[in-house]
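A short write-up of the structure that comes next.
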Amino acid sequence: MTGASSAGGRGGPRPARRRVGEALSAAIAPLAACSVALAGLTVWTASGAAGSPPRIAAGNGRVFLPYGNSRDTAAFFEVTNIGGGEDRLTKVTSPSDSVGRTMLSRHESSGRGADTMRMTESVRVPAGATLAMSPFDVSVMTRMNSRWCAGEVVPFVLHFRHSAPVEVLAVVVRPGS
């Protein structure tokens, strides 16, 4: 009996060591991948970009003095997002009685000289970037309820999907100035 058990015992420890070695080899690839991912996330977090919300600032507001008897005009702002996440400008309002309805609009060129303005529900404000509104891109279409003079200051409030509303002043200017 001892001979039979020693014959069976000869191969016993070797397969167990082989299985342990194979298991360790199989675990190295996922462990290395996790280590690289953890190192990348650590660098991303240390740089301040991970999980930082959008941080919005606005300025350089101007609103065009309407032509002739027209009451319709456009306002423009520079909206800067110094945060780590993007946001969206969803609407613009004004606490002033001199401002009527406001709408976000986007200039679209057909390439054939027939440009149009289309109303848009929101405008993207990328992380770490500035949205510079202009007559050739994004603007705020508005209607004045009372007469404005060049140099007058009109208050507006910019509303965002994630950030708190931002109050900004716009100076009334003549188009082209």
Side-chain angles (χ1 to χ4, degrees), residues 37 39-177:
L41 288 171
T42 301
V43 169
W44 186 46
T45 302
S47 71
S52 66
R55 289 187 12 203
I56 303 293
N60 197 22
R62 50 203 198 292
V63 60
F64 283 162
L65 188 63
Y67 287 116
N69 291 331
S70 175
R71 297 182 339 173
D72 297 325
T73 188
F76 312 95
F77 306 94
E78 286 184 4
V79 182
T80 303
N81 181 354
I82 57 174
E86 86 169 31
D87 208 342
R88 293 196 76 81
L89 175 62
T90 56
K91 71 178 179 176
V92 178
T93 60
S94 177
S96 173
D97 291 336
S98 70
V99 178
R101 183 174 177 218
T102 60
M103 299 172 282
L104 287 170
S105 65
R106 183 176 298 277
H107 179 266
E108 292 182 359
S109 176
S110 67
R112 298 182 203 128
D115 294 355
T116 61
M117 296 299 290
R118 297 217 189 268
M119 298 309 120
T120 184
E121 289 188 24
S122 66
V123 179
R124 182 175 175 251
V125 185
T130 297
L131 167 66
M133 295 182 182
S134 77
F136 309 106
D137 190 18
V138 175
S139 63
V140 178
M141 302 304 292
T142 188
R143 175 169 283 177
M144 66 175 195
N145 288 336
S146 61
R147 282 287 192 210
W148 292 336
C149 299
E152 192 173 338
V153 177
V154 181
F156 287 89
V157 180
L158 309 180
H159 301 267
F160 299 89
R161 181 169 290 155
H162 302 295
S163 301
V166 175
E167 294 179 18
V168 62
L169 298 175
V171 177
V172 178
V173 297
R174 295 185 188 284
S177 62

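FYI, side chains are in, hydrogens and waters are out, and symmetry mates aren't considered; it's all heavy atoms of this structure.
- For A75 against M133, the heavy-atom pair with the smallest separation is O-SD, 4.4 Å.
- With N81 contributing its side chain and R55 its backbone, the two residues share a donor-acceptor pair below 3.5 Å.
- The side-chain contact (heavy atoms from CB on, under 4.5 Å) search around P155 returns S94, P95, S96, L169, not counting sequence neighbours.
- Applying the salt bridge (charged side-chain N to carboxylate O under 4.0 Å, His left out) test to R143 and every residue at least two apart in sequence or in another chain returns D72.
- Residue S139 comes nearest to S134 through the heavy atom pair CB-O, 4.1 Å, listed as atom of the first residue, atom of the second, then distance.
- Listed by first then second residue, pairs satisfying ring-ring contact (aromatic ring centres under 6.0 Å, His included) with a partner in residues 79-129 number zero, not counting sequence neighbours.
- Contact of the T130 side chain with the V79 side chain is not registered, since no non-hydrogen atoms from C-beta on lie closer than 4.5 Å.
- Checked against salt bridge (charged side-chain N to carboxylate O under 4.0 Å, His left out), R88 has no partners two or more places apart in sequence or in another chain.
- For H159, the side-chain contact (heavy atoms from CB on, under 4.5 Å) partners at least two apart in sequence or on another chain are T90, K91, T93, V157, P165.
- By the salt bridge (charged side-chain N to carboxylate O under 4.0 Å, His left out) test, R118 is found to be paired with E108, residues two or more places apart in sequence or in another chain being considered.
- In terms of the side-chain hydrogen bond (donor to acceptor under 3.5 Å, both in side chains) criterion, residue partners of R124 (sequence neighbours excluded) are, by chain and number, E86.
- Scanning for side-chain contact (heavy atoms from CB on, under 4.5 Å) contacts around R147 gives N69, M144, with sequence neighbours left out.
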Does the side chain to side chain contact (heavy atoms under 4.5 Å, CB included) test come out yes or no for V140 and L104, once each step is laid out?
-> CA-CA 5 Å; V140 178; L104 287 170; 4.1 Å; yes
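- Shown here for L158 and A58, the closest heavy-atom pair between the two residues is CD1-CB, 3.6 Å.
- Residues satisfying the side-chain contact (heavy atoms from CB on, under 4.5 Å) criterion with T73, sequence neighbours excluded, are V63, F64, P66, T142, W148.
- Under the side-chain hydrogen bond (donor to acceptor under 3.5 Å, both in side chains) criterion, D87 pairs with S163, sequence neighbours left out.
- Contacts of N145 classified as side-chain hydrogen bond (donor to acceptor under 3.5 Å, both in side chains), with partners at least two apart in sequence or in another chain: none.
- Between the CG atom in L131 and the CG atom in D137 there is a gap of 7.0 Å [rounded to 0.5 Å].
- By the ring pair (Phe, Tyr, Trp, His ring centres under 6.0 Å) test, F160 is found to be paired with no residue, residues two or more places apart in sequence or in another chain being considered.
- For the pair G83 and A127, the tightest heavy-atom approach, listed with the atom from each and the gap, is O-CB, 3.5 Å.
- Sparse packing is recorded around CD of E167, with 12 or fewer heavy atoms of other residues, nucleotides or ligands lying under 6.0 Å away.
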